[in-house]
Trainee: 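Let me begin by handing over the structure; questions about it come next.
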Amino acid sequence: MKLGLVSAILEKQNFEQMIDEVHRAGLKSVEVACWPVEKAARRYAGVAHIDTETLTDALAQKYLNYAKEKNVTISALAYYPNPLDEDLEKRERVIRHLYSVIDAAALMDINLVTTFLGRMPSKTVAENIAEVKTVWPKIIEYARDKKVRIAIENCPMLFTADEWPGGQNLMTTPKIFREVFAVLDYDNFGLNYDPSHFVWQQIDYIKPLYEFKDKLFHIHFKDIKVYADKLADCGIMATPLEYMSPKLPGLGDVDWGKYVSALTDIGYTGYTAIEVEDKAFETSDEDIIRSIHQSTKYLQNFVI
């Protein structure tokens, strides 16, 4: 396995500065944030370390050369929107940009895009599955023709009241994984697997690794802490951030020894990326840098 970083936490830095920081932390790879160049709609979004809509051959080679000089590999290009947005005009903009990220991944010979499946929050799972069958085959086939794989993160995007009741990403449970893979049966379509999202859903985050081992295209290392007293007070029907919080790896409820052990069991040798989203480490730019180095040092106990 190769230990890397999701670049979105370094939103104030340009591509070269971001690569420098990844290198200084002793990491080997980076999942590069590629949102449209516009004001972020939410935390950790809106970051564009590569502007895929204006990317040229020359710029692509410049980025690749700089990363290579620092001994850093780009593991994937990342864009996490809602491609099933119920606002069809917004959906069209999102999908149009997603195509540009796919194009950039092909141009740079990275060949992996990490994203969300999306979800219509007000619709049922069955209604969303039907919409997936309408929207996604064209995107996946476009990527396939360019030899690009698509990895869907299993984040529900259901944290606050404005994402209620269904969240903005359908790919949230092993049961739904099976249903989606049944209707989107493509070799270039798989998972960007994050254990933290299963913790607060009270789902076993180890068992699915074995069942979906052939669909694991990319791995996230993020932790989550469930506060038992808060959960007992507000219950599971509350918005999740009322009773849980994302944490740096090792500071939450994920058993990292068991998690990485399972990855070695199934022979996973691909890219992993630390995803830093811990508010306790965001009081200053120095804290953010410290959080990256602390996470790296901790995870190097399991992945070198």
Trainee: Please work out whether the ring planes of Phe181 and Phe212 are parallel, tilted or perpendicular, with thresholds of 30° and 60°.
Mentor: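 Answer is tilted, since the angle falls between 30° and 60°.
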Trainee: With a cut-off of 6.0 Å (strictly less than), are more than 12 heavy atoms of other residues, nucleotides or ligands near NZ of Lys215?
Mentor: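 More than 12 within 6.0 Å, yes.
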Trainee: Trp256 vs Phe221 aromatic rings, parallel, tilted or perpendicular, using cut-offs 30° and 60°?
Mentor: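 Ring orientation, 0 to 90° scale: perpendicular.
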Trainee: Compare all side-chain heavy atoms of Val276 with those of Glu282 and state whether any distance is below 4.5 angstrom.
Mentor: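 A side-chain contact is absent here, since even the closest heavy-atom pair is not under 4.5 Å.
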Trainee: Rounded to the nearest 0.5 Å, what separates atom CZ in Arg144 from atom CD1 in Ile140?
Mentor: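 If we round to the nearest 0.5 Å, Arg144:CZ and Ile140:CD1 are 9.5 Å apart.
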Trainee: Kindly indicate whether the side chain of Asn169, heavy atoms from C-beta on, has any atom under 4.5 Å from the side chain of Pro156.
Mentor: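 With C-beta onward as the side chain, the pair stays apart.
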Trainee: Charged N to carboxylate O under 4.0 angstrom, Glu131 versus Lys123?
Mentor: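 Here Glu131 does not pair with Lys123 in a salt bridge, since their nearest N and O are not under 4.0 Å apart.
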Trainee: If the plane angle is over 60° it's perpendicular, under 30° parallel, otherwise tilted; pick one for Phe189 and Trp136.
Mentor: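 Rings of Phe189 and Trp136: tilted, as their planes differ by 30° to 60°.
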Trainee: Please give me the minimum heavy-atom distance between Ala262 and Leu209, naming the atom from each residue.
Mentor: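 Nearest pair, atom of Ala262 first, then Leu209: CB-CD1, 3.7 Å.
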Trainee: Would Thr114 and His218 satisfy side-chain hydrogen bond (donor to acceptor under 3.5 Å, both in side chains), going step by step from the backbone distance to the final call?
Mentor: CA-CA 8 Å; Thr114 48; His218 201 268; 5.8 Å; no
Trainee: Please say whether more than 12 non-hydrogen atoms of neighbouring residues, nucleotides or ligands are located less than 6.0 Å from NZ in Lys2.
Mentor: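 Atom NZ in Lys2 is packed in, count exceeds 12.
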Trainee: Quick one: pull up CG in Asn301 and OH in Tyr298 and give me the separation to the nearest 0.5 Å.
Mentor: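 Reported value, rounded in 0.5 Å steps: 7.0 Å.
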Trainee: Within a reach of under 6.0 Å around CG of Asp87, are more than 12 heavy atoms found that belong to other residues, nucleotides or ligands?
Mentor: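 Counting neighbours around CG of Asp87, more than 12 heavy atoms of other residues, nucleotides or ligands fall under 6.0 Å, so yes.
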Trainee: So, Gln201 versus Thr173: side-chain donor-acceptor pair below 3.5 Å or not?
Mentor: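 Their side chains do not contain a donor-acceptor pair, so the 3.5 Å distance test is not met.
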Trainee: Which residue pairs satisfy the salt bridge (charged side-chain N to carboxylate O under 4.0 Å, His left out) criterion with at least one member in residues 247-260, sequence neighbours excluded?
Mentor: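 Qualifying pairs, neighbours excluded: Lys247-Asp278.
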Trainee: Look at the side chain of Ser7 and the backbone N and O of Ala33, then say whether any donor-acceptor pair between them is shorter than 3.5 Å.
Mentor: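 Yes: the side chain of Ser7 pairs with the backbone of Ala33.
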Trainee: Only distances under 3.5 Å count here; give the side-chain donor-acceptor pairs of residues 52-63 to other protein atoms, sequence neighbours excluded, each with its distance to 0.1 Å.
Mentor:
{"residue": "Thr52", "atom": "OG1", "partner": "Ser100", "partner atom": "OG", "Å": "2.7"}
{"residue": "Glu53", "atom": "OE2", "partner": "His97", "partner atom": "ND1", "Å": "2.6"}
{"residue": "Thr54", "atom": "OG1", "partner": "Asp51", "partner atom": "OD2", "Å": "3.0"}
{"residue": "Thr56", "atom": "OG1", "partner": "Leu59", "partner atom": "N", "Å": "3.1"}
{"residue": "Gln61", "atom": "NE2", "partner": "Asn65", "partner atom": "OD1", "Å": "3.0"}

Trainee: CD1 of Ile19 to CG of Leu5: how many Å apart, nearest 0.5 Å?
Mentor: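 Answer for the CD1-CG pair, Ile19 versus Leu5, is 9.5 Å.
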Trainee: Side-chain heavy atoms under 4.5 Å apart, restricted to Ile/Leu/Val/Met/Phe/Trp/Tyr: what other residues fall into the cluster of Phe217, or is it alone?
Mentor: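 Other cluster members: Leu112.
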Trainee: Quick one: CD1 on Ile224 to CG on Leu251, what's the gap to the nearest 0.5 Å?
Mentor: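 Output value for this atom pair is 12.0 Å.
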Trainee: Hey, is Asp287 close enough to Arg290 for a salt bridge, meaning N to O under 4.0 Å?
Mentor: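 Answer for the salt bridge query: yes.
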Trainee: Taking 4.0 angstrom as the limit, do Arg24 and Glu21 come out as a salt bridge?
Mentor: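 Judged by the 4.0 Å cut-off on N to carboxylate O distance, Arg24 and Glu21 do form a salt bridge.
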Trainee: If you count every heavy atom of other residues, nucleotides or ligands that lies below 6.0 Å from Asn71 atom CG, does the total exceed 12?
Mentor: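 No, not enclosed.
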Trainee: Check the angle between the aromatic planes of Phe177 and Phe198 and answer parallel, tilted or perpendicular using the 30° and 60° thresholds.
Mentor: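 Phe177 and Phe198: tilted rings.
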Trainee: To the nearest 0.5 Å, tell me how far Asp204 CG sits from Tyr210 OH.
Mentor: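 These two atoms lie 10.0 Å from each other.
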Trainee: With a 4.5 Å cut-off on side-chain heavy atoms, are Leu170 and Val125 touching?
Mentor: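 Yes, close enough: below the 4.5 Å cut-off.
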Trainee: Would you sort out whether Asn192 and Tyr271 count as a side-chain hydrogen bond (donor to acceptor under 3.5 Å, both in side chains), showing the intermediate values?
Mentor: CA-CA 10 Å; Asn192 183 19; Tyr271 292 103; over 6 Å; no
